[in-house]
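In what follows, a single structure is set out as structure tokens and then discussed.
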2 protein chains.
Amino acid sequence: MTAAANQSGRRPTTSRRLERAGIRDVAAAAGVSITTVSDALNGKGRLPDETRSRVREVAERLGYRPSAAARTLRTGRSGLIGLTVTTYGEEPFTFTEFAYFAEMARAATSAALGRGYALVVLPASSRHDVWSNIALDGTVVIDPPDQDPLVSELYRSGVPVVSDGKPGNCPVTAWVDNDHEAAVLGILDHLSEAGARRIGLLTGTSTDTYTRLSTEAYVGWCQRVGQEPVYETYPAHDPAAGAVAADRLLARPDRPDAVYGLFDPNGTDLLAAARRYGLRVPDDLLLVCCSESDVYAGTEPPITTLSLKPRRIGTTVVNLLIDAIEGVDSGTGVDIARLFPPRFRTAGTGPPPGTLMPTELIVRASSQRRSPRTTISPPRPPGEV
Amino acid sequence: MTAAANQSGRRPTTSRRLERAGIRDVAAAAGVSITTVSDALNGKGRLPDETRSRVREVAERLGYRPSAAARTLRTGRSGLIGLTVTTYGEEPFTFTEFAYFAEMARAATSAALGRGYALVVLPASSRHDVWSNIALDGTVVIDPPDQDPLVSELYRSGVPVVSDGKPGNCPVTAWVDNDHEAAVLGILDHLSEAGARRIGLLTGTSTDTYTRLSTEAYVGWCQRVGQEPVYETYPAHDPAAGAVAADRLLARPDRPDAVYGLFDPNGTDLLAAARRYGLRVPDDLLLVCCSESDVYAGTEPPITTLSLKPRRIGTTVVNLLIDAIEGVDSGTGVDIARLFPPRFRTAGTGPPPGTLMPTELIVRASSQRRSPRTTISPPRPPGEV
DNA sequence: GATTCATGGAGAAACGGTTCTTCTCGACCT
DNA sequence: AGGTCGAGAAGAACCGTTTCTCCATGAATC
């Protein structure tokens, strides 16, 4: 009864100290209604400037901070965007693992911030009770595996989802990806022009879109030009396995005279392997790898790299997501169409709209037998930005 | 009047379609009250198992997901922890920039997840309206600058704050840091033992605690042993400036015969600079740098590194924070003391409790003129874990 | 046979905002 | 002079939970 008595009764005037000031406190202090306070602070309603500034001043003086939870509950908007990152194995997870993801995440964070949203890091292996307990306005998913239960459920419960990497079976609102096929074909053509007769590939064992599309493009190209595919695979998340695989590739009886490595450290690994086998680069072996690192400008020789432009991807993904969040009022997903110019959309009604971003091939000494040119344009640049 | 009529009246039985099922829908479908539903799903109240499972089943069938916003509003807990990352310059920000931060952030994310919390990435330069609009249970702040307004306000509004890096003037609930002074002294002693007569330092221009403490420890050591300090500074966030500073240091007339570099890339930079000046490592120049990268195991020669053990730091920071969040009921910050064993606490009532974590010196060829030993223990190991 | 007591469950008050609706009052128009 | 109109502001519903309080009911106790 003692404590209970305090609790009943509509806020006993001025009890409960030590608590943060609420909108009611501001209203009382300013001698207006809470409606007026809300309107004044949010720039709504019809109020003379004088009232507005007076309320603002009182709120400031009281150190008033609106409750994010209450606002979210009422408005249905939290200002939070999930950043779903892939996990390898049990506890640790990528993101910050490869330069690509790190850059992409940074760009995404900045872009979200610029539009008033914050990012919640959400490992794909998160316990269900954790992420289902967060009010998300939308989710960015990095490189979704074929059947991601987290993504599926989010999508099903009406949360917009935009993925970096063309999704397999996951339903998503939209997706952004590099034109991996065009990129690989461009590299293979580039190596051919430089005199390669048998081009090898260093690729991964995982089933993500990047690995799959790139490898398929390679195999297809081989069929077309009549070359037997020469490739080695390894688990990309294992840093030590890459060096071993590079070694395997160069140890083959049908040793390639040019190699493209799909992952960041492949350049260093291949260079080391070539040295072990006494192969000169680029004279005996042409080299290209996919990397965002500029250390390859300083290696001996400098190595040609393919940049996936992660900043651009991260920015685009977030902007598409926020467009979807803010463009669709609620419930019916009608005017998503507006967001995607026809040229970016795939087919009519079926698959979600996707955007292909161009890559950039940075040509250095390792892939040329002639005099080096500088940066050249990517093959088939599909988009703007 | 048309739409308004729908809105009044306590939820007109079964209108509003397309909406997600709420607790009321579950209650109605299960033929119980919402109290019972809430209790059944949260394992509270006195309910027979039969009711509990029946309610759970109905909830499952309806795809019921409790509203995070409503729950947060009612309980005052969001399950969200801010991860405040430093920003250099305008738009971009660190975190993922250095291996240390990346590792630390990963460990922090994992640790938080394991205890049911998710991390919100919160650049220090965030617009006020963004982060003040997020319901945070607490905040991790990485390497707080002397006067961080974001941190100050969070702390003032009652949100627990734990910092990685001993805070300058920021008020924090607790902090965790490496024993930078002990680490630097240990390295200097180590180099002295290896025969160094004049030890140089490559350090940063910024005012963060790490840089400051390390530099001060170095200068103090110099005074004590009677050596003139020999150091060069550069803006640590500028990747190109490091190489230039390394060059400057070795170009000095009072060229050191041993160097400790405070930042990750310094090892490579110093090695390259030494080569330019025809200095052999370790014969003419002893080298140590602070780094989390294992590339230094493979350089020629392998370079001795100091590891700050970021995983351990990240895990500890998060656990301390969550302890503070869950340990203190609300309002009065009484039993924080319980969380910090006396040996970890600084002084009595004044400064916030801090924990010093040991570092690890990984000795390799670059800092030895004799036969190499392997990993040695850190100097003055203060803590457990 | 009248009190306890434990059990199972319902009612309703918060939580702290936003926003729809309504009310008042003076100026203006006809 | 009566009615309209718009500005200014207040009232109150509502967002969807959690949780405190209280009410039945039947068994056990005295």
Side-chain angles (χ1 to χ4, degrees), chain A residues 1-12 15-16 19-28 30-52 54-55 59 62 64-79 132-133 135 330, chain B residues 1-12 16 19-28 30-52 54-55 59 64-79 132-133 135 330:
Chain A
M1 166 63 167
T2 56
N6 259 357
Q7 214 143 359
S8 63
R10 200 88 170 146
R11 180 166 306 227
S15 84
R16 62 202 299 284
E19 304 277 344
R20 278 171 43 203
I23 197 174
R24 282 173 246 268
D25 302 312
V26 177
V32 295
S33 72
I34 61 171
T35 305
T36 302
V37 174
S38 179
D39 284 348
L41 295 180
N42 294 328
K44 300 188 172 178
R46 299 172 304 201
L47 298 177
D49 287 347
E50 192 273 331
T51 304
R52 225 175 267 279
R54 182 163 49 89
V55 170
L62 264 53
Y64 168 67
R65 297 274 168 265
S67 149
R71 175 174 292 174
T72 298
L73 177 58
R74 184 65 235 248
T75 61
R77 286 253 205 293
S78 66
S132 77
N133 201 13
S330 79
Chain B
M1 167 62 167
T2 58
N6 260 358
Q7 214 142 0
S8 63
R10 202 81 169 153
R11 184 168 302 228
R16 60 201 304 283
E19 304 277 343
R20 276 173 43 203
I23 197 174
R24 279 175 250 266
D25 302 311
V26 178
V32 295
S33 73
I34 61 171
T35 305
T36 302
V37 174
S38 179
D39 284 348
L41 295 179
N42 295 329
K44 299 190 173 178
R46 302 169 301 201
L47 297 177
D49 286 347
E50 191 273 330
T51 304
R52 224 175 268 279
R54 184 165 47 88
V55 169
Y64 168 66
R65 296 274 168 262
S67 150
R71 174 174 292 174
T72 298
L73 176 59
R74 183 64 235 248
T75 64
R77 286 252 204 296
S78 66
S132 77
N133 202 14
S330 76

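Note on naming: letters A, B, ... go to the chains in the order of the sequence lines (proteins, then strands), and numbering restarts at 1 for each one.
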Item to complete: Check for a donor-acceptor pair, side chain of A/Thr51 on one end and backbone N or O of A/Leu47 on the other, with a separation under 3.5 Å.
Response: no
Worksheet entry | Any donor-acceptor N/O pair, B/Arg54 side chain to B/Ala30 backbone, under 3.5 Å | yes
Considering only nitrogen or oxygen atoms on both sides, find all protein atoms under 3.5 Å from nucleotides 6-9 of chain D and state each distance.
| from | atom 1 | to | atom 2 | distance (Å) |
| --- | --- | --- | --- | --- |
| D/dG8 | N7 | A/Arg46 | NE | 3.4 |
| D/dG8 | N7 | A/Arg46 | NH2 | 2.9 |
| D/dG8 | O6 | A/Arg46 | NH2 | 2.7 |
| D/dA9 | OP1 | A/Thr51 | OG1 | 3.4 |
| D/dA9 | OP2 | A/Thr51 | OG1 | 3.1 |

Worksheet entry | Distance below 4.0 Å between B/Tyr64 side-chain N/O and D/dG16 OP1 or OP2 | no
Practice prompt. Compare side-chain N and O positions of A/Lys44 against OP1 and OP2 of C/dT18 and report whether any pair is under 4.0 Å apart.
Written response: no
Fill in: Under the side chain to side chain contact (heavy atoms under 4.5 Å, CB included) test, residues paired with B/Ser78 that sit two or more places apart
B/Thr72, B/Leu80, B/Ala135, B/Asp137
Practice prompt. Could you pull out all residues at least two apart from A/Ala28 that satisfy side chain to side chain contact (heavy atoms under 4.5 Å, CB included)?
Written response: none
Worksheet entry | B/Arg52 versus B/Arg46, closest heavy-atom pair with distance | NH2-C, 4.5 Å
Worksheet entry | For the student: nearest non-hydrogen atoms of B/Pro66 and B/Arg20, plus distance | O-NH2, 4.1 Å
Practice prompt. State which of D/dT19, D/dT17, C/dG16 makes the closest approach to the side chain of B/Leu73.
Written response: C/dG16
Response to the item:
Among C/dT18, D/dT18, C/dG17, the one nearest any side-chain atom of B/Asn42 is D/dT18
Practice prompt. With side-chain contact (heavy atoms from CB on, under 4.5 Å) as the test, would you mind laying out the steps for A/Ile23 and A/Tyr64 before giving the verdict?
Written response: CA-CA 7 Å; A/Ile23 197 174; A/Tyr64 168 67; 3.6 Å; yes
Please give, in whole Å, the distance from [N] [atom2] to [X] [atom1]?
X        : N      : atom1 : atom2 : answer
B/Asn133 : C/dG16 : CG    : P     : 16 Å
B/Arg24  : D/dT17 : CZ    : C1'   : 8 Å
B/Ile34  : C/dG11 : CD1   : P     : 10 Å
A/Arg77  : C/dG16 : CZ    : P     : 24 Å

Answer yes or no: side-chain N or O of [X] and base N or O of [N] forming a donor-acceptor pair under 3.5 Å.
X       : N      : value
A/Arg71 : C/dG16 : no
B/Arg74 : D/dG16 : no
A/Thr35 : C/dT18 : no

Answer with base, sugar-phosphate or nothing: what part of the nucleic acid does [X] contact at a heavy-atom distance below 4.0 Å?
X       : result
A/Ser67 : sugar-phosphate
B/Thr75 : sugar-phosphate
B/Arg65 : sugar-phosphate

Tell me which donor-acceptor pairs under 3.5 Å the side chains of residues 31-44 of chain A have, and how far apart each pair is, sequence neighbours excluded?
| from | atom 1 | to | atom 2 | distance (Å) |
| --- | --- | --- | --- | --- |
| A/Ser33 | OG | A/Thr35 | N | 3.4 |
| A/Ser33 | OG | A/Thr36 | N | 3.3 |
| A/Ser33 | OG | A/Thr36 | OG1 | 3.2 |
| A/Asn42 | ND2 | A/Ser38 | O | 3.3 |

Practice prompt. Just report the end-to-end axis angle for the helix from C/dG1-D/dC30 to C/dT30-D/dA1, five pairs per end, to 10 degrees.
Written response: 60°
Can you check nucleotides 25-29 of chain D for protein contacts, nitrogen or oxygen pairs under 3.5 Å, and list what you find?
none

